[in-house]
Each structure stands twice: as structure tokens, then as C-alpha cells.
Number of protein chains: 2
Amino acid sequence: MKSSRFAVASHVLVVLAEHDETPVPSADIARSVNTNPAFVRQLSVPLRKAGLVQSVLGPGGGMMLARPASEITLAAVYDAVEEEPLLATHHCEPGRACFVGRNILEALDPVLEGVEGAVRAELSKHSVSSLLRAVQRLDKKR
Amino acid sequence: MKSSRFAVASHVLVVLAEHDETPVPSADIARSVNTNPAFVRQLSVPLRKAGLVQSVLGPGGGMMLARPASEITLAAVYDAVEEEPLLATHHCEPGRACFVGRNILEALDPVLEGVEGAVRAELSKHSVSSLLRAVQRLDKKR
DNA sequence: ACAAATGTAAGCACGTCAGTTACACACTGG
DNA sequence: CCAGTGTGTAACTGACGTGCTTACATTTGT
């Protein structure tokens with residue numbers, strides 16, 4: 001099962017961007033995502049650690065963006081919630097008897113670095129606010 | 001558990017590129033990767049479907065590259081063995097009551113397309129032969 | 001015929017993930 | 001000051017992907 005955290009986290013942040021400046025309770029967000037409030041709160045942990053959201057306790061509380069939506073790139077979202085590299089290497093150490101086995105991981109390393117960099121560069125082109133605008137544009141068309 | 005198929009498939013192809021023109025039995029490849037011969041054969045299925053390798057049955061048989069190593073990019077390897085997109089979307093449909101839920105998937109689509117394209121472009125810069133050269137260069141240093 | 005290989009099906013163990021329940025804690029308003 | 005609202009977090013479950021293994025039919029060279 002592939003992780004959908006990046007997509008869901010983006011969804012959450014767009015909802016927060018829509019309700020600018022006012023806290024949104026996890027129950028409301030969960031209704032939009034169609035999942036459980038606790039799941040949204042769990043997802044909020046890495047987002048808070050990354051300084052993207054903050055929460056207000058007590059009645060009238062909830063989650064809200066910690067900085068302007070235009071200053072949150074999707075690369076930051078990706079970094080916050082999707083910690084592992086997307087292209088994994090061997091689970092078990094390759095056999096060191098063969099010279100390919102001895103060096104393949106090191107040879108593959110710059111390739112995987114490059115991929116990771118390309119992904120981050122591509123995601124840097126978008127922000128939460130641009131994603132919100134895209135959502136609004138699509139909704140108008142209906 | 002993240003998929004390591006791309007890394008292992010690259011490993012296999014580099015081994016095949018080293019033994020140019022002569023078939024390599026799956027048992028030999030498995031020794032280099034440090035895994036099971038049957039697992040290598042399973043991995044060979046998508047590679048054969050993609051026209052990257054071919055196999056020779058019977059004694060003295062095995063797997064070999066179906067075309068020159070310099071003409072097999074790592075993007076082709078990726079396409080062959082890693083069919084699903086690396087960044088998944090929501091597992092369950094978002095709630096259509098909220099206008100964000102109605103449009104988020106469609107809005108996210110071009111972003112994910114862009115990521116996929118960036119990955120493929122980055123992987124196109126490398127080939128099986130360039131990877132083999134990197135392995136050889138690293139081994140000389142030891 | 002025999003042995004060396006592949007191709008493939010079936011199944012196991014383990015890890016990850018989404019989803020859920022439960023509960024302690026924090027804050028606000030009356 | 002206390003009832004209600006909401007967060008933070010731990011624990012658990014079920015589903016699924018993945019690596020790995022066993023097993024067996026099939027092909028082919030000597």
C-alpha cells in the first residue's frame with residue numbers, strides 16, 4: 001500500500017488556507033477528507049513539527065496555518081510528511097563476493113540523489129495558495 | 001516496506017552488461033544480489049515484457065540483455081518494474097460535500113504528473129552502461 | 001535419458017498504512 | 001468553577017504490498 005500522506009496533507013492545508021486566520025477543528029477537516037478526526041490530528045503532528053500549522057486548544061479551537069499559504073511550497077509539505085526516499089535500495093546487503101555487489105549501492109547513490117532533487121525542485125514550483133486557486137478554478141467550471 | 005525493485009533490477013542489468021553476449025543463469029545473478037534465484041526470475045518477467053532482457057532455456061542458458069547496455073536508460077528500467085506512481089492520492093474518495101474535496105484530486109493531478117515527468121527525465125540521464133562504468137570506477141578505487 | 005536451466009504458481013512472514021477507539025489534558029464561556 | 005469543546009497521543013486492527021521460499025512443469029543441450 002503506497003502512502004497517500006502527501007496528497008492528504010495537501011488537502012488539509014488547502015482547507016486551512018480557505019479558512020484563513022480562523023482555526024478549523026479536526027472534525028470539520030475530516031469531513032472534507034472523508035476520514036477520521038483522529039487521523040487528521042495524527043497527520044498534523046509532522047506538519048506542526050515542520051512549522052506549517054499550529055493548533056488552538058479549547059472551544060473554538062482547531063488547526064490553522066502557521067504562515068501564509070503562499071509561503072508554503074508543496075516541497076515543504078512533502079518534506080514534512082514523507083520522510084523516506086521514494087526509490088528504495090536493496091533490503092538485504094548485496095553479495096560482496098561479486099564486484100558489482102560491492103559497488104552497486106554506492107554507484108546508485110548519486111542517481112537516487114538526483115531523483116530526489118528533481119522531485120523537490122518540481123514540487124517547489126507549487127504552493128498551498130496556488131493549489132487552492134486551482135481548486136477554486138476547477139469548482140467554478142462545474 | 002518500500003519497493004526496492006528498481007534498485008535490484010538495475011543491479012541485475014549491470015551484471016548482465018558485464019557478461020556481455022553470454023547468458024547468465026539466475027543462480028549466478030542471485031548470488032551477486034544475495035537473494036533467491038526464483039526471485040530474480042520473477043523480476044525478469046517485467047524486464048522481458050519491456051524488451052530489456054531475453055532468456056535462453058536449457059543447459060548453458062540464462063538471462064542476457066536484449067539490446068546494448070548503452071541503449072537501456074534507467075528510465076526504461078523504472079518504467080519496466082515500477083508501474084505505480086510514486087506519489088499516491090487518497091485511498092478513499094474525499095468528501096464531495098466540501099468544494100475542496102470535490103476538486104482536490106483533479107487539482108493535484110498536474111502536480112503529480114510533473115513529478116513523474118521530472119523523475120523520468122532525471123533517470124533518462126543514466127544508462128545501464130554508465131552505471132556499469134560507475135561500478136567499475138568505484139571498484140578500482142579500493 | 002539426464003542434467004541444467006527457465007517460467008510460474010502458491011504461500012508465508014513481515015512491515016507499512018489507514019482507520020478506529022479511547023482517554024488524558026487544555027482552554028473557554030457561562 | 002465546571003461543563004463542554006477540542007487537541008494530543010497511545011494502542012490496536014485489518015488490509016495490502018513486498019521479499020522470499022518451495023515446488024513443479026517445461027525446455028534444451030550433451
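Chain letters run A, B, ... following the sequence lines, proteins first, then strands; residues in each count from 1.
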Exercise. Just how far, in rounded Å, is P of C:dA24 from CG of A:Leu57?
Worked result: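 After rounding, the reported distance stands at 17 Å.
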Exercise. Can you tell which of A:Val81, A:Val40, A:Leu43, A:Ile29 makes a side-chain contact (heavy atoms from CB on, under 4.5 Å) with A:Val8?
Worked result: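 Output: one option passes, namely A:Leu43.
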Exercise. Are any non-hydrogen side-chain atoms of B:Asp28 and B:Val15 less than 4.5 angstrom apart?
Worked result: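 No, every pair of side-chain atoms sits at 4.5 Å or beyond.
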Exercise. Between B:Lys141 and A:Glu106, does a salt bridge (charged side-chain N to carboxylate O under 4.0 Å, His left out) hold up when you go through it step by step?
Worked result: CA-CA 12 Å; B:Lys141 270 202 207 162; A:Glu106 209 172 335; over 6 Å; no
Exercise. Can you list, by residue number, the residues of residues 35-49 of chain A that have a non-hydrogen atom closer than 4.0 angstrom to DNA chain C?
Worked result: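 Of all residues in residues 35-49 of chain A, the ones placing a heavy atom under 4.0 Å from DNA chain C are A:Thr35, A:Asn36, A:Ala38, A:Phe39, A:Arg41, A:Gln42.
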Exercise. If we only count heavy atoms from C-beta on, is the A:Leu74 to A:Val77 side-chain gap below 4.5 Å?
Worked result: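 Yes, side chains in contact.
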For this session: Could you state the atom-to-atom distance from CD1 of B:Ile29 to P of C:dG7 in whole Å?
Result: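 These atoms are roughly 11 Å apart.
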Exercise. Going by number, which of residues 9-22 of chain B have a non-hydrogen atom under 4.0 Å from DNA chain C?
Worked result: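 Listed by number, there are none.
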For this session: Identify, between B:Ala27 and B:Met1, the residue whose nearest nucleotide on DNA chain C lies closer to the 5' end.
Result: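 Whichever sits nearer the 5' end wins; that is B:Ala27.
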Problem set entry | Distance, rounded to the nearest Å, where B:Phe6 contributes CZ and D:dG19 contributes P |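 About 14 Å, once rounded to whole Å.
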Exercise. Any side-chain heavy atom of A:Ile104 sitting closer than 4.5 Å to one from B:Leu131?
Worked result: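 Yes, their side chains come closer than 4.5 Å.
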Problem set entry | Phosphate contact (D:dT7 OP1 or OP2) by A:Ser26 side-chain N/O below 4.0 Å |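 Yes, such a contact exists.
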For this session: Would you mind telling me which of D:dT18, C:dA18, D:dG29 lies closest to the side-chain atoms of B:Pro59?
Result: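 My answer, after comparing the listed nucleotides, is D:dG29.
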For this session: With the side chain counted from C-beta on, respond yes when B:Asp79 and B:Arg120 share a heavy-atom pair under 4.5 Å apart, and no when they do not.
Result: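 A side-chain contact exists here, since the closest heavy-atom pair is under 4.5 Å.
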Problem set entry | Intermediate values then yes/no, side-chain contact (heavy atoms from CB on, under 4.5 Å), A:Glu93 and A:Leu105 | CA-CA 9 Å; A:Glu93 281 296 307; A:Leu105 289 181; 4.1 Å; yes
Exercise. Quick one: does B:Val33's side chain get under 4.5 Å of B:Phe39's, heavy atoms only?
Worked result: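 No, their side chains stay 4.5 Å or more apart.
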Problem set entry | Neighbours of DNA chain D within residues 75-100 of chain A, by heavy-atom distance under 4.0 Å |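 DNA chain D contact set from residues 75-100 of chain A: A:His91, A:Cys92.
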Problem set entry | Inter-residue atom distance A:Leu86.CG - A:Tyr78.OH, 0.5 Å rounding |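 The OH atom of A:Tyr78 is 4.0 Å from CG of A:Leu86, to the nearest 0.5 Å.
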Exercise. Within the pair B:Arg5 and D:dG19, is there a side-chain N or O less than 4.0 Å away from OP1 or OP2?
Worked result: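 Yes, because at least one side-chain N or O of B:Arg5 sits under 4.0 Å from OP1 or OP2 of D:dG19.
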Exercise. Any side-chain heavy atom of B:Leu52 sitting closer than 4.5 Å to one from B:Arg67?
Worked result: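 Sidechains of B:Arg67 and B:Leu52: in contact.
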Problem set entry | Side-chain N or O of A:Ser4 closer than 4.0 Å to phosphate OP1/OP2 of C:dC17 |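 So the side-chain polar atoms of A:Ser4 never come under 4.0 Å of the phosphate oxygens OP1 or OP2 of C:dC17.
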Exercise. Does any non-hydrogen side-chain atom of A:Met63 lie less than 4.5 Å from one of A:Val24?
Worked result: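 Counting from C-beta outward, A:Val24 and A:Met63 never come under 4.5 Å.
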